[in-house]
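Taking it in order: structure first as C-alpha cells, then the write-up.
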Number of protein chains: 2
Amino acid sequence: MSDEHEERVPLAHRVPDLGALELLLAVARHGSLGRAARAVGITQPAASSRIRSMERQLGVALVDRSPRGSRLTDAGALVTDWALRVVEAAEAFDAGAQALRGRRDSRLRVAASMTIAEYLLPGWLIALRAGRPGTAVSLLAGNSAVVAQRLLAGEADLGFVEGLSVPDGLDGAVIGHDRLLVVVAPSHPWARRRAPLTPAELAATQLILRERGSGTRQVLDSALSAHGGLAEPLLELASTTAVKAAVVSGAGPAVLSELAVTEELTARRLTSIPLDSVDLRRDLRAVWPTSHRPTGPARDLLTLTRGGSKPG
Amino acid sequence: MSDEHEERVPLAHRVPDLGALELLLAVARHGSLGRAARAVGITQPAASSRIRSMERQLGVALVDRSPRGSRLTDAGALVTDWALRVVEAAEAFDAGAQALRGRRDSRLRVAASMTIAEYLLPGWLIALRAGRPGTAVSLLAGNSAVVAQRLLAGEADLGFVEGLSVPDGLDGAVIGHDRLLVVVAPSHPWARRRAPLTPAELAATQLILRERGSGTRQVLDSALSAHGGLAEPLLELASTTAVKAAVVSGAGPAVLSELAVTEELTARRLTSIPLDSVDLRRDLRAVWPTSHRPTGPARDLLTLTRGGSKPG
DNA sequence: GTCGCTCATAAATCCAGCTTATGGGCCCAT
DNA sequence: ATGGGCCCATAAGCTGGATTTATGAGCGAC
C-alpha cells in the first residue's frame, strides 16, 4: 500500500529551474528582459531565450514584449506568484544550508530543536542576513538536553527549545507558541466527522510517528498518559518529511506541529481534526547560559525572533 | 527608492536543482541510492554523482552510505525537510501551470479571483489530482464580474470569488475566510509601534498597491472611504509578488491578503500591523450558476475546498 | 565460495545554455 | 527627418555539466 507514485515525467522536467524562475521574477520587477538579464548576471539574449523556452514549456505566454519593455501577461502574473513561492522556499533552503555548512569557524552558533530548526530558523536567518550581511551562522539540531549541553559547554551562543520548562543553568524567553495537531489526508474518514476527537480515541489509534526520542512524540505521550498512553505506532519514520509524506498518501493519522503543516493545511492536502479537552500547546523559547547574555549577532537574532525590529 | 540587492552569486548556483532535491527525497524514502535512482528514472551512477556533487555544494554529508543501503545523516534529515518545502512549492507551481495550459480542451474549467487562484487553487488541484488522476483542469483568473460572466456564459464550471455578496444568477457557498493585513518590513518604524494603526492614519499613508482594478484594492478603498479614502499610491505594481518584494525591501507599507503573506510573517520577513476599528475580513466563496449544480470533477473540487477546518 | 545486493570510478557522449555579433522596431531629441 | 537611445530576436560557435555504459570492490546470506 501507500507510496510508489510513479510519475512518468519527473517534476524537474515540468517546472522551470530556479534560475529561470529568478529571471522571471526579475523581469516582473524591472519591466524589461535586458534589465532583468543584467540583474541576474547573464546577457540579454540568454534571458530572451530562457523566457522563451519557459513559455514553450508551460504552453502559455508570460510576458508582453514591446519595443519599450516587457510586462507580465495575466497568466504571467499568476505564474510569477507561484514562482515566488518556489524561490522563497529555495532561499530558506539556502539559509539553512549555509548555517549547516559553517559548523567549524563561524561566528554565531545556534543550537535548536528539530521543529524550530526545520521550520523557523531558515526564515530568521534570511532576515538576519538582510540586517547583518556576512554573519556566518552555524546550526546544530537536537532535543532540549542536547541544546542545553551545547550552551553550557560554550559550544553554542544561542539556543531554541520547545517545551514546558527551561533547562537548569539557562535563562530563557518565550518567543512564540506552537500546537500539536492531529492531521489526516482529506480522504480519511476522520476528515468528515463533526464531533471533536476524544483523547481516549486518539490514544487508542495507531499513529504514524517520528522515531522514539523526538520532542513531539514525548509531548504527545505525556499528554495522553492519563488516557492510556499512546498505542503502538502504525509506522515509525526517521524524519518529519517522511511522516508527512505518509499521511498525505493516506497511510493514516499523525500528530505534528502546526508549524510543520500550515502549508499542507491551507492547500487542503491535509486536514486537521479538532481534539477535545487536551491542549497540546507548547511554548517556543530562546535560551542561553545564565552567565552569558546574548550579545552581537546572537542578540540580533533574539530580537528578530521576538517580532521586534533590529537595533541598527 | 528601490534598492538593488546585488547578489554576487545567484541563488540557482547555491541551491541544488529540483531534480537533485527530488532525488534526495527519493533516497530518504527508499533507503538506497540505486532504488532512488530508478524511482526518478536515472541510473545508479548518475544518482551517486548527483548526491555527491550536492554534498560538495552544501559542504555537508547528507547520506551515510553502506554496502546495505544509504540512510540520511542528521544534517541530511534537516536538508531533506527543507528540500521538501521547495519540491512542494514546485508541485503547486506545476499544478497551476497545468491548469493554465489546458485552456482549450479541458474537462473542468475553473474561474477564480486572483488571490484564490494564486494561493489556494494550486494546492487544491494537487489534492484533486490525487483523487482523480487525469482530470484536465483549466483556470481563468479575474475579478468577481469576470468570474460571474464566465459561469453564466457556460464557459466555466465552477467559480471562486472573494467578497461580500454572491453575484446575481449564481449560487454559492462560503468555503473560508480571508483578511487584509497591513504589512511592513521589520525595519520599518511601524514595526516598533505598540498602538494599533487608526484608519485615518492608514488612509493618509502612501501605500504600495496593486494596479487599479484589483479586488484587494477595491475592498480597501471602500473600507477607508469613511476616513478620506486612499491616499495617492507610493507605487503601483502589476502583481502581488512585486508588491511583496517591494515591501520586503523596505520601500513602504502595503495591504495584502493574509493568504499572500503567511509565509513571510512566520519567517519574520514581514510584520503585520494591527488596524483599529476597521475589519477587513471577507468571505471566500465557491459559486456556480443557479441552474447548473456542480457535478463530476467540479463537485469533487467543491467538496475538497470545504473539507478542512481553517483557523482565523 | 558464490550470488545478491550495495556504492564508486572511469571514459565517452550528448545536450543545454551561454556569449558574441548582428539586425530590426519604436521613441525622442535635435 | 535623422541619429542615438532604448527595446527585443536571431544566428553561430563554444563550453561544461550531466548522462550513459562498463567495470570493480565491499559486505552479507546461503
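In this text the structure is predicted, and so the values were computed from the model without any measurement. Below, chains carry the letters A, B, ... as their sequence lines are ordered, and counting in each starts from 1.
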Taking atom P of dC8(D) as reference, at what distance in whole Å does atom CD of E55(A) sit? 12 Å
Length of the NE2-C1' vector between H30(B) and dT6(C), whole Å: 16 Å
Between V146(A) and L140(A), does the side chain to side chain contact (heavy atoms under 4.5 Å, CB included) criterion hold? Intermediate values first, please. CA-CA 9 Å; V146(A) 171; L140(A) 178 120; 3.8 Å; yes
Residues which pass salt bridge (charged side-chain N to carboxylate O under 4.0 Å, His left out) with E118(B), listed by chain and number, not counting sequence neighbours: none
When I208(B), T205(B), V243(B), L220(B) are each screened for side-chain contact (heavy atoms from CB on, under 4.5 Å) with V255(B), the one that passes is L220(B)
Give each protein N/O atom lying under 3.5 Å from an N/O atom of nucleotides 17-23 of chain C, with the pair distance.
{"residue": "dC18(C)", "atom": "OP1", "partner": "R50(A)", "partner atom": "NH1", "Å": "2.8"}
{"residue": "dT19(C)", "atom": "OP2", "partner": "T43(A)", "partner atom": "N", "Å": "3.0"}
{"residue": "dT19(C)", "atom": "OP2", "partner": "T43(A)", "partner atom": "OG1", "Å": "2.7"}

Whole angstroms only, please: what is the CZ-P distance between R52(B) and dT6(C)? 18 Å
Do E264(A) and K244(A) sit within salt-bridge range, that is, some charged N less than 4.0 Å from a carboxylate O? yes
Hey, mind stepping through D17(A) and R50(A) against salt bridge (Lys or Arg N to Asp or Glu O under 4.0 Å) and telling me if it holds? CA-CA 10 Å; D17(A) 62 87; R50(A) 241 181 138 150; 2.4 Å; yes
Provide a list of protein-nucleic acid N or O atom pairs under 3.5 angstrom, restricted to nucleotides 25-30 of chain C.
none

Bend angle of the helix from dG1(C)-dC30(D) to dT30(C)-dA1(D), from helix axes over five pairs at each end, nearest 10°: 10°
Listing request: all salt bridge (charged side-chain N to carboxylate O under 4.0 Å, His left out) pairs with a residue in residues 64-77 of chain A, at least two apart in sequence or in separate chains. E55(A)-R65(A), R71(A)-E211(B)
Got a salt bridge between R109(A) and E155(A), using NZ or NE/NH1/NH2 to carboxylate O under 4.0 Å? no
Return the set of residues passing ring-ring contact (aromatic ring centres under 6.0 Å, His included) with W82(B) (not counting sequence neighbours), or none when no residue passes. none
Give the rounded distance in Å between these two atoms: CE of M54(B) and C1' of dA18(D). 15 Å
Find the distance between OG (S49(B)) and CZ (R52(B)) and round it off to the nearest 0.5 Å. 8.5 Å
Would you check, one step at a time, whether the test side chain to side chain contact (heavy atoms under 4.5 Å, CB included) holds for V137(B) with Q98(B)? CA-CA 7 Å; V137(B) 180; Q98(B) 277 192 23; over 6 Å; no
